[in-house]
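In what follows, a single structure is set out as structure tokens and then discussed.
The figures that follow rest on heavy atoms only: side chains count, while hydrogens, waters and symmetry mates do not. Below, chain A is the first sequence line, B the second, and so on; all start at residue 1.
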There are 2 protein chains.
Amino acid sequence: MASGDRCGPYICGIDAAMDVVSGKWKSLILWELDNHGTRRFGELKRGLPGVSEKMLIQHLREMEQDGLVHREVYREVPPKVEYSLTEHGRSLNEALGPLGEWGQRRAERLAAEAAAAS
Amino acid sequence: MASGDRCGPYICGIDAAMDVVSGKWKSLILWELDNHGTRRFGELKRGLPGVSEKMLIQHLREMEQDGLVHREVYREVPPKVEYSLTEHGRSLNEALGPLGEWGQRRAERLAAEAAAAS
DNA sequence: TTCAATACTTACCTGAAGGTAAGTGACGAA
DNA sequence: TTCGTCACTTACCTTCAGGTAAGTATTGAA
């Protein structure tokens, strides 16, 4: 196959999920789309400070291939494209919930330690 | 700071959790240690087919720094070192549960699609 | 005396991820 | 006629994660 597969074989489920979610901005894109329901390319870009246009489309295209994201093109000028989560995307976001909470607690712990060491 | 921080600032919880779990073998190390309770370096190596010794210690050291893994050294010859999960490590593993199940379902879906396309 | 076992350590190299910056095409507004 | 908007696209470059392979220290066994 040609470009970056993201098919198996996988050693375990985590493996198979990580394959789809690893990428600097993917979890943030997921979160952004889940929060707003639907976002245009430019809105996503503004919502993810620091992302480059190249990485943003690249990640969006991969997530579309992976069935996480739906891409709707409106044939207008200037062009308008809307991105939203598919059912799979939404369920992935749910599955990421506990991990997000764990990370939240870790961040709080780190902050507390940093404050204690001041 | 010197080598690979893995402190914030983080944009969200996922971010903070990913920082700790990203690394080709980390989730597998987590899984292996959770399954067996305690493992020696060589046992881990044999349990993770394909891992290099360099990456294995590197990941173990980082996970120790991050408070996920406990390292117990026995002063013997030949040397003996045992690794196990800390409370944080175990809770991370739990938080990864739903993601693992999601990945499992994705892998099954991919397999079914591949079978259908044969 | 050499070898095996164990848990590293070190130097070097490659490939992929991601960043930067400029270009494209269509059309309406100024 | 030039500019701005929008959603890309392309070429080029840097960085770093990870791989390979060899070396280290200790001691008992053959």
Side-chain angles (χ1 to χ4, degrees), chain A residues 1-7 11 15 18-30 32-33 36 38-66 69-84, chain B residues 1-7 11 15 18-30 32-33 36 38-66 69-84:
Chain A
M1 286 171 200
S3 58
D5 290 21
R6 288 181 322 291
C7 323
I11 301 182
D15 209 10
M18 283 301 186
D19 200 19
V20 139
V21 103
S22 71
K24 193 169 176 184
W25 306 95
K26 286 193 181 174
S27 56
L28 296 175
I29 292 173
L30 230 41
E32 187 80 5
L33 287 180
H36 294 88
T38 244
R39 297 247 93 180
R40 299 183 58 173
F41 181 83
E43 291 175 327
L44 277 173
K45 197 187 144 192
R46 268 171 260 127
L48 306 175
V51 73
S52 66
E53 299 191 339
K54 177 196 157 199
M55 286 317 297
L56 186 52
I57 13 157
Q58 187 175 308
H59 280 169
L60 285 169
R61 290 282 147 85
E62 289 177 3
M63 293 169 80
E64 196 191 350
Q65 276 178 36
D66 291 335
V69 160
H70 174 71
R71 179 168 177 267
E72 187 79 33
V73 181
Y74 297 84
R75 302 207 134 278
E76 304 173 0
V77 170
K80 174 178 170 181
V81 180
E82 282 186 347
Y83 293 93
S84 55
Chain B
M1 286 174 199
S3 59
D5 290 22
R6 287 182 321 293
C7 323
I11 300 182
D15 208 12
M18 282 302 188
D19 199 20
V20 138
V21 103
S22 71
K24 192 168 175 182
W25 306 94
K26 285 193 181 173
S27 56
L28 296 175
I29 293 173
L30 230 41
E32 187 80 4
L33 288 180
H36 294 88
T38 243
R39 297 248 94 179
R40 298 184 57 174
F41 181 82
E43 291 175 327
L44 277 173
K45 197 187 145 190
R46 269 171 259 124
L48 306 175
V51 74
S52 64
E53 300 190 339
K54 178 197 157 198
M55 285 317 296
L56 186 52
I57 14 156
Q58 186 175 306
H59 280 169
L60 284 169
R61 290 282 147 82
E62 289 176 4
M63 293 169 82
E64 197 191 349
Q65 275 178 37
D66 291 334
V69 160
H70 173 72
R71 179 167 176 268
E72 185 80 33
V73 181
Y74 298 84
R75 303 207 132 277
E76 304 174 0
V77 169
K80 174 178 171 182
V81 180
E82 282 186 346
Y83 294 91
S84 55

To the nearest 0.5 Å, how far apart are CD in B/Glu62 and CG in B/Asp19? 9.5 Å
Supply the atom-to-atom distance B/Leu48 CG to B/Leu56 CG, rounded to the nearest 0.5 angstrom. 6.5 Å
Of all nucleotides in DNA chain C that come within under 4.0 Å of a heavy atom of chain A, which is furthest toward the 5' end and which toward the 3' end? C/dG18 to C/dC27
Step by step, would you call A/His36 with A/Leu44 a side chain to side chain contact (heavy atoms under 4.5 Å, CB included)? CA-CA 10 Å; A/His36 294 88; A/Leu44 277 173; over 6 Å; no
What's the separation between atom CG in B/Asp15 and atom CH2 in A/Trp25, rounded to the nearest 0.5 Å? 9.0 Å
Polar atom pairs between nucleotides 16-18 of chain D and protein, under 3.5 Å, N or O only, would you list them?
residue: D/dG18; atom: OP1; partner: B/Lys24; partner atom: N; Å: 2.7
residue: D/dG18; atom: OP2; partner: B/His59; partner atom: NE2; Å: 3.4
residue: D/dG18; atom: N7; partner: B/Lys54; partner atom: NZ; Å: 3.2

Give one of base, sugar-phosphate or nothing for A/Arg61, where a contact means two heavy atoms less than 4.0 Å apart. sugar-phosphate
Measure the distance from CD on A/Glu53 to C1' on D/dC12 and round it to the nearest whole Å. 17 Å
Euclidean distance, atom CZ of residue A/Arg75 to atom C1' of D/dC6 [Å, nearest integer]: 14 Å
B/Ser22 OG to B/His59 NE2 distance, which is reported to the nearest 0.5 Å: 8.0 Å
Spacing between B/Leu56 atom CG and D/dG19 atom P, to the nearest angstrom: 11 Å
Residue that, paired with B/Tyr83, satisfies side-chain hydrogen bond (donor to acceptor under 3.5 Å, both in side chains) out of B/Glu64, B/Arg39, B/His70, B/Arg71: B/Arg71
OP1 or OP2 of D/dT26 less than 4.0 angstrom from a side-chain nitrogen or oxygen of B/Tyr74, does that happen here? no
Drop me the distance from A/Gln58's CD to A/Ser52's OG, to the nearest 0.5 angstrom. 8.5 Å
With rounding to the nearest 0.5 angstrom, report the CZ to CE distance, A/Arg6 to A/Met63. 10.0 Å
When rounded to whole Å, the CD to P distance for the pair B/Glu76 and D/dG28 reads 13 Å
Does atom NZ (B/Lys45) have a neighbourhood of more than 12 heavy atoms from anything else shown, all under 6.0 Å? no
5' precedence on DNA chain D between B/Pro78 and A/Val73 (nearest-nucleotide basis): A/Val73
For B/Val77 and A/Phe41, find the nucleotide of DNA chain D closest to each by heavy atoms; which residue's nucleotide sits nearer the 5' end? A/Phe41
